[in-house]
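Below is one structure, written out as structure tokens; the observations come after it.
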Protein chains: 2
Amino acid sequence: MNDKIYRADLSKMKAWIEDVPESWNSLGGRGLTSAVVASEVEPLCHPLGKNNKLVFAPGLLSGTTAANTGRLSAGGKSPLTKGIKESNSGGTSAQLFARAGIKALIIEGLPENKNEFYGIRIKKDSIEIEKTSLWGKGNFETIETLSKGNEKCGVISIGAAGEMKMAAANISVKDPQGKIRSLGRGGLGAVMGSKNVKYVVIEPTENDQVYVENPEKFKEAAKSFAKALLEHPVSGEGLPTYGTNILTNVLHEAGGLPTKNFSTGNFDGHDKISGETMHDLIEERGGKVKHGCHPGCVIQCSQVYNDKNGNYLTSGFEYETIWATGANCKISDLDSLAYADHLMDDIGIDTIETGAAVAVAMDAGVLEFGDSKGFVNLLEQEIKNGTPLGRIVGAGAEVTGKVFGVTRVPVVKGQALPAYDPRAVKGMGITYATSPMGADHTAGYCVTSNILSVGGYVDPLKKDGQIELSRNLQIATASLDTAGLCIFTAFAILDNEKAMEAIVDMLNAKSGSSITGDDVMSLGASVLKMEREFNKKAGFNEKDDRLPEFFSLEKCPPHNVIWDFTDEEIDSFWNF
Amino acid sequence: MNDKIYRADLSKMKAWIEDVPESWNSLGGRGLTSAVVASEVEPLCHPLGKNNKLVFAPGLLSGTTAANTGRLSAGGKSPLTKGIKESNSGGTSAQLFARAGIKALIIEGLPENKNEFYGIRIKKDSIEIEKTSLWGKGNFETIETLSKGNEKCGVISIGAAGEMKMAAANISVKDPQGKIRSLGRGGLGAVMGSKNVKYVVIEPTENDQVYVENPEKFKEAAKSFAKALLEHPVSGEGLPTYGTNILTNVLHEAGGLPTKNFSTGNFDGHDKISGETMHDLIEERGGKVKHGCHPGCVIQCSQVYNDKNGNYLTSGFEYETIWATGANCKISDLDSLAYADHLMDDIGIDTIETGAAVAVAMDAGVLEFGDSKGFVNLLEQEIKNGTPLGRIVGAGAEVTGKVFGVTRVPVVKGQALPAYDPRAVKGMGITYATSPMGADHTAGYCVTSNILSVGGYVDPLKKDGQIELSRNLQIATASLDTAGLCIFTAFAILDNEKAMEAIVDMLNAKSGSSITGDDVMSLGASVLKMEREFNKKAGFNEKDDRLPEFFSLEKCPPHNVIWDFTDEEIDSFWNF
């Protein structure tokens, strides 16, 4: 059985199914979305115009029985960075896509009627554009409405931010509990909004499954892979117990927790928002410490966080979110942050970009650092309603900095830096600088060796070894993102060679190929280079691989370190 | 006698006078500001940070008795384009600078105390940083206050926009009547504001004059030059009678008057805002049809425009302003436009960028096209008070487009296009695309040959000859801007070889040199290339020399033309 490309053209108001071109056959996830963007999107097009496309693709292993392979990639030209963008998340849609034989969904064109809104409905062997009255509804209501009588359907949707084409708008993916996971970074929600597409819904067909050429071999490899994940202290113990928020205290201790809009690396309120505190609160309030974002996840880093009265407040309450809205804005009220997270899910806006933008606005005096009510008000009243202030913040940190005349604006290629200060966690700085995605922690997560001593140790305060570390991780990550693997499988991969062997075995068993570990890395390298090539055609050059000036001018306490890589050092990243 | 560099460092709170480096000796105006920026400003610095500098320089001929040589150049890294910026204007300061022997004033550093504000006071052989309480005052009040008891002093100042570091903020220069001329484009007012400098005041010394090596030869050449200006139909008749606004009807007729945010080339309200209508209104209301922006101007394209009751409303009421706020926003109420012009003078914001940004906001539905009250309210209530909406518009058209998710955003290198549609006046399109300044009509004013048949005729609707035309004009303009000559001297220069001869003779007579016309052109070419080199170091490449996508997708009525230059054609501009 051959997978197909599903395509919806909003200019023509037609949708159809077509064969997969030969050159895309061996690709999935990020490798495929980037290949589609590179071959079909004019690099200098307006991201919100008719020549941009929005691509969804499950990973190569998505939909199989292998653990942690349920990632869905979305790609397009980013309204935030103006470069190529891939963003991936969990949720149930990747598995449903893969099982229905959908290699990728490509949404293109712009509808003629600006006042009519659409959904895309996918079943096995069928795709339709339908009118919808859900435009204007929040993500939660949208998902609930679409799931009525069809609980197991997959939903991909946008909220108010995407509808208003805000550059920080994300795309929501329904998770197994009907809650939300996010294709967070780079504003692809605005691309979806520009096409007046509110949602994609995919109806599952009973008994569908992904074709596996050699099921026995696959089963064996999958078992070995799951074992490796469960045996690693980070993916087997740390993440399941404390979630990603285990990092708040860790980064605070390391002096690399960006605080008060990247003006220091320590947050005195760290204890109030830490993973440890959160864990106890969750247990106390009858929430769930463990929670998976898609069936088949053995790490379960998500959670269900309830309020004081034991009522559901949020899930997928990540370290990055808690950092962006917490330490970076000097807010130490965890319940406020959880409520903010819930609001951002409903509005459909990236928590990292939003937190970074609010911190920049705080630096300009628009509201006070630490003002949790002001933050919530900004989300509920300003962003959700598209007021001028809401739209400024919704346009991201760079625009917020320009509008308010701020010089401390932590962005690369127009995208805000996540939760690791590049002066004190220098490997992350190299990833932020060089990733074709703009500043993105998931692109090459050097926190592994810099902070967690996974895959060896590279001193985070020194330059030595960081370029190589980031390069290896970015290449490996591009491979994982193509396979549809969760980034948290990387801990096991870095420390246990059996994990990588298992991945290669699964890929071969699935498709009957005989690739090696080197081939998998070559694939990652080629994806990275393809993405960089697109960016070059879109106008980027090596000057875009630089951190903002203030990181070189302002010392980051407590280590009082600056960003001190030379241009030549940074550019050597691309020597592969 | 040797001119000196005057320098004020706000970080050190010191100001001093220093010798002119050998390599800057033969430069003035734009050539000098660009040379200072190229040699002293880190190309990747934040435009509002401590590493940017603000440079003022009179032209090489400024302060002499020669006609129309009173242009003052300002330079720095632009907060709007992030590239090099030179903006020049009339007013009295260039002549006062030159006569006091000031080759350039360089303002650098950032004050430690963010809540203290400064002025820079210059006398012959003296420069001081002084505290001021004028921060928060409008430009008119600032100029009036500083001129009390010192009517002939020169004043350079910023208004609310510059204080708030808006990227569209301009710098005002006092004219002979105490009114305002503007260093308009590229947001240099925000650079001045970032340094907490409200004004520069220069007190004239009696009997100072510019040293001229060969006064007799100079006098003769100056006479020949003035004659050429007065004999040309545009500078001798059209501009003095109707001002620059003579162009409204001309461009409407040519189908190149950008209307409704560049959606068509005709404006049905053209007649209500035309130069002819304005001329009659001015006479009827007892204003002045002719008015010079600096002593020694023989063209007198400015005017004094009174309201219905004969009270002063504005002067320096330019075609570009009337287009930006009029046709581009579909507003045909000339009195409203005049009041808006007055407000923008007082606030200190670029009329072109503001009009373009408002039109983009209108395209997004923020206010209606044609809403003159809404426009005035936006200036008086929003921009002046720095509300979020005011700051969005004050950040320029590109940011406004990003914030409101608009695809029709007429900018190049982040700077809004002026009053000539590039699809219907293709030579201007080449200038917009290639100028290191971002879209700027004054950089290479192809309207000459495209529309006015000055310097020959090049069909505005065809591609043939436009590259060469723009190249020749951009090179020549860089020379004129270096000499301190008004751009409107170009009409005579293009049609009458005696004008160029006279300029060369004046330059030689002044300094005792023996340069040729070719040397003058070589100088212009080298200035252009120096500016481009800075931009390259700041991250620009050939992809930045492109018009926005919509000009290639949307036809411009009535000729229904698109922008159709290939990348190769545009890039061939730089073959010199």
Side-chain angles (χ1 to χ4, degrees), chain A residues 42-52 79-80 82 110 163-167 169 190 193-194 361 364 366 382 386-396 398-409 414 536-550 552-553 567, chain B residues 42-52 79-80 82 110 163-167 169 190 193-194 361 364 366 382 386-396 398-409 414 536-550 552-553 567:
Chain A
E42 165 54 43
L44 287 175
C45 77
H46 195 294
L48 304 178
K50 70 173 185 178
N51 288 332
N52 198 8
L80 192 73
K82 294 184 185 163
L110 283 190
E163 292 180 0
M164 290 187 277
K165 295 176 274 189
M166 292 180 181
S194 74
V366 177
E382 310 276 353
T387 66
L389 179 58
R391 282 182 177 274
I392 292 167
V393 172
E398 184 177 61
V399 164
T400 302
K402 193 157 183 183
V403 165
F404 291 112
V406 178
T407 52
R408 195 187 289 119
V409 184
K536 277 188 185 171
K537 290 178 188 164
F540 289 65
N541 61 26
E542 71 283 358
K543 304 288 183 187
D544 294 293
D545 287 358
R546 302 288 178 263
L547 296 191
E549 187 192 26
F550 83 87
S552 308
L553 298 177
D567 291 355
Chain B
E42 165 54 44
L44 288 175
C45 77
H46 195 293
L48 305 177
K50 70 173 185 178
N51 288 331
N52 198 8
L80 192 72
K82 295 185 182 162
L110 284 189
E163 292 181 0
M164 290 188 277
K165 295 175 275 190
M166 292 178 180
S194 74
V366 176
E382 310 277 354
T387 67
L389 179 58
R391 283 182 176 275
I392 293 167
V393 172
E398 183 177 60
V399 164
T400 302
K402 193 157 183 183
V403 165
F404 291 111
V406 178
T407 51
R408 195 187 291 118
V409 184
K536 277 188 185 171
K537 290 178 187 163
F540 288 65
N541 61 26
E542 72 283 359
K543 303 286 186 192
D544 294 293
D545 287 358
R546 301 288 178 264
L547 296 192
E549 187 192 27
F550 82 87
S552 309
L553 299 177
D567 291 355

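In what follows, every chain begins at residue 1, and chains take the letters A, B, ... in the order their sequences are listed.
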| remark: CZ of B/R391 to CD1 of A/I392, rounded to nearest 0.5 Å, is 8.5 Å
| Would you call A/K537 and B/E542 a salt bridge, taking side-chain N to carboxylate O under 4.0 Å as the test? | no
| message | Quick check on B/F404 against chain A: is it the side chain, the backbone, both or neither that has a heavy atom closer than 4.5 Å? | response | both
| Which bit of B/E398 comes within less than 4.5 Å of chain A, counting heavy atoms only: side chain, backbone, both or neither? | side chain
| field | Set of side chain to side chain donor-acceptor pair (under 3.5 Å) partners for B/D567, sequence neighbours left out | value | B/R546
| message | Checking the side chain of B/H46 only, and the main-chain atoms of A/V406 only, is there a donor and an acceptor separated by less than 3.5 Å? | response | yes
| A/L80 backbone acceptor or donor facing B/K402 side chain under 3.5 Å | yes
| query | What part of A/P79 lies closer than 4.5 angstrom to a heavy atom of chain B: side chain, backbone, both or neither? | reply | backbone
| Between B/K536 and chain A, which part of the residue has a heavy atom less than 4.5 Å away: side chain, backbone, both or neither? | backbone
| message | Need one label for B/A167: side chain, backbone, both or neither, based on atoms under 4.5 Å from any heavy atom in chain A. | response | side chain
